[in-house]
Amino acid sequence: MRIDLHTHSVASDGTQAPADLVAEAAAVGLDVVALTDHDSTRGWDEAATAAARHGIALVRGAEISCARWGVSVHLLSYLHDPQAPGLLAETERARSSRESRARRMADRLARDYAISWDDVIAQAGEGATIGRPHLADALVASGAFPDRDAAFAQALHRSSRYHVAHYAPDPADAVRLVREAGGVPVLAHPFADRRGSTLDEDTIEELVEAGLAGLEVDHRDHDDRARARLRAFAAAHDLLVTGSSDYHGTGKRNRLGENTTQPDALARIEAAGALPVLLP
Ligand code: AMP
Ligand code: FE
Ligand code: FE
Ligand code: ZN
């Protein structure tokens with residue numbers, strides 16, 4: 001069984017339509033794929049139709065933007081009720097704040113680069129959760145940078161003068177809201193420190209008390225030491241462990257299935273989630 005539990009489509013900052021992403025997941029030999037767009041479930045229905053057609057199991061999920069003390073935290077939610085009011089209100093608030101923040105960043109960038117808000121919107125899918133990758137795509141389209149990586153390294157990183165923060169809920173509140181929605185909360189890439197600060201173990205313990213179910217351990221932004229620490233933490237707190245690609249299409253180097261999750265971890269997610277895994 002090859003299981004990849006973290007991918008993005010054009011419903012957020014991936015580059016493929018949900019149906020194309022699912023088709024590719026089946027073509028590369030995955031048995032199970034999760035669609036986890038930032039703060040959005042808008043790709044679920046299209047992905048479900050494609051999963052049935054291509055004979056692959058689908059886990060419906062999302063990656064919830066959170067922040068504590070200025071540290072950006074990503075929380076994966078699996079198999080939650082997409083209409084649950086508490087979680088939906090927070091993700092919609094984050095999505096709308098992401099849009100005004102992107103406008104402000106575009107205004108700042110427009111002082112030095114030949115881009116406008118319209119150029120940014122042109123890079124985003126209909127109803128997409130707007131993120132810095134769309135600003136990166138507009139900068140690339142303008143000829144300022146060769147690819148997203150270069151745009152992030154020079155103009156879009158958190159300490160850049162063009163950067164603006166957006167609203168995001170506290171991660172402990174988000175864990176509780178995911179549970180209230182019947183979802184299974186798994187902390188995404190907890191020790192991925194190349195892009196900014198991360199939570200310490202005391203704070204992750206607080207998230208466990210709030211209902212955290214698991215940790216994403218096998219992820220390309222974790223070195224061996226980070227993985228070993230996370231595995232030990234998960235064992236000590238009876239958390240499930242996942243491995244995933246965090247695939248974004250051509251927007252990042254991450255390849256589908258480059259890290260995978262063991263079937264027993266998926267079984268724990270399915271047992272705890274409000275929705276079923278969609279079988280082919
Ligand atoms: P935002 O959520 O708008 O602050 O933007 C962060 C998102 O940008 C993350 O979810 C990543 O998917 C993406 N990202 C971060 N760094 C890079 C990079 N160097 N190249 C491509 N995408 C990136
Ligand atoms: Fe992303
Ligand atoms: Fe993430
Ligand atoms: Zn992600």
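Here the structure is a predicted model, which means the values were calculated and not measured. Residues: numbered from 1 along the sequence shown. In each ligand, atom 1 is the first atom listed, and ligand 1 is the first ligand listed.
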Practice prompt. Among Val22, Asp37, Asp20, find the one that has a side-chain contact (heavy atoms from CB on, under 4.5 Å) with Ser9.
Written response: Asp37

Discussion item. My understanding is that only one of Val184, Leu187, Leu240 makes a side-chain contact (heavy atoms from CB on, under 4.5 Å) with Leu212; could you say which?
Written reply: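 Answer to the side-chain contact (heavy atoms from CB on, under 4.5 Å) test with Leu212 among Val184, Leu187, Leu240: Leu187.
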
So if I count the atoms of ligand 1 from 1 in the order they appear, which ones are less than 4.0 Å from some heavy atom of [X]?
X	answer
Arg98	1 (P), 2 (O), 3 (O)
His248	12 (O)
Gly131	3 (O)
His38	10 (O)
Asp13	7 (C), 10 (O), 12 (O)
Arg195	15 (C), 16 (N), 17 (C), 18 (C), 19 (N)
Gly251	21 (C)
Lys252	11 (C), 12 (O), 14 (N), 21 (C), 22 (N), 23 (C)

Worksheet item: Between Thr15 and Arg148, is a side chain to side chain contact (heavy atoms under 4.5 Å, CB included) present by the stated rule, with each step listed?
Response: CA-CA 12 Å; Thr15 60; Arg148 277 186 181 180; 3.9 Å; yes

Worksheet entry | Within-4.5 Å side-chain heavy-atom neighbours: Glu63 and Leu75 | no

Does [X] come within less than 4.0 Å of ligand 1, judged by its heavy atoms?
X	result
His157	no
Arg101	yes
Arg158	no

Applying a heavy-atom cut-off of 4.0 Å, say which part of [X] lies close to ligand 1: side chain, backbone, both or neither.
X	value
Glu63	neither
Arg253	neither
Ile130	neither

Do [X] and [Y] have side-chain N/O donor and acceptor atoms under 3.5 Å apart?
X	Y	result
Tyr247	Glu24	yes
His38	Asp13	yes
His8	Asp246	yes
Ser245	Asp4	yes
Gln154	Tyr162	no

Would the [X] and [Y] ring centres measure less than 6.0 Å apart?
X	Y	result
His134	Trp117	no
Phe233	Phe191	no
His157	His163	no
His74	His189	yes

Worksheet entry | Heteroatom test (N, O or S) for His8 near the Fe ion (ligand 2), limit 2.8 Å | no

Worksheet, complete the sentence: Note: heavy atom closest to atom 5 (O) of ligand 1, options His163, His8, Arg132, belongs to Arg132

Worksheet item: Ignoring water, what protein N, O or S atoms are under 2.8 Å from the Fe ion (ligand 3)?
Response: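 The answer, once waters are left aside, is Glu63 OE2, His74 ND1, His189 NE2.
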
Practice prompt. Do me a favour and list the nearest non-hydrogen protein atom to atom 14 (N) of ligand 1 with residue, atom name and distance?
Written response: Phe152 CZ, 3.4 Å

Worksheet item: Got the closest protein heavy atom to atom 13 (C) of ligand 1, with its distance?
Response: Pro133 CG, 3.7 Å

Item to complete: Please say whether more than 12 non-hydrogen atoms of neighbouring residues, nucleotides or ligands are located less than 6.0 Å from CD in Glu201.
Response: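 Count over threshold, so yes.
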
Discussion item. Side chain to side chain donor-acceptor pair (under 3.5 Å), that's the test. Do Asn254 and His248 meet it? Break it down for me.
Written reply: CA-CA 7 Å; Asn254 312 32; His248 283 68; 5.4 Å; no

Worksheet item: Do ligand 1 and Asp149 have nitrogen or oxygen atoms that lie under 3.5 Å from each other?
Response: yes

Worksheet item: Which is the closest N/O/S atom of Asp13 when seen from the Fe ion (ligand 2)?
Response: OD2

Worksheet item: Same hydrophobic cluster for Leu215 and Leu76, using side-chain heavy-atom links shorter than 4.5 Å among ILVMFWY?
Response: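 Different hydrophobic clusters.
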
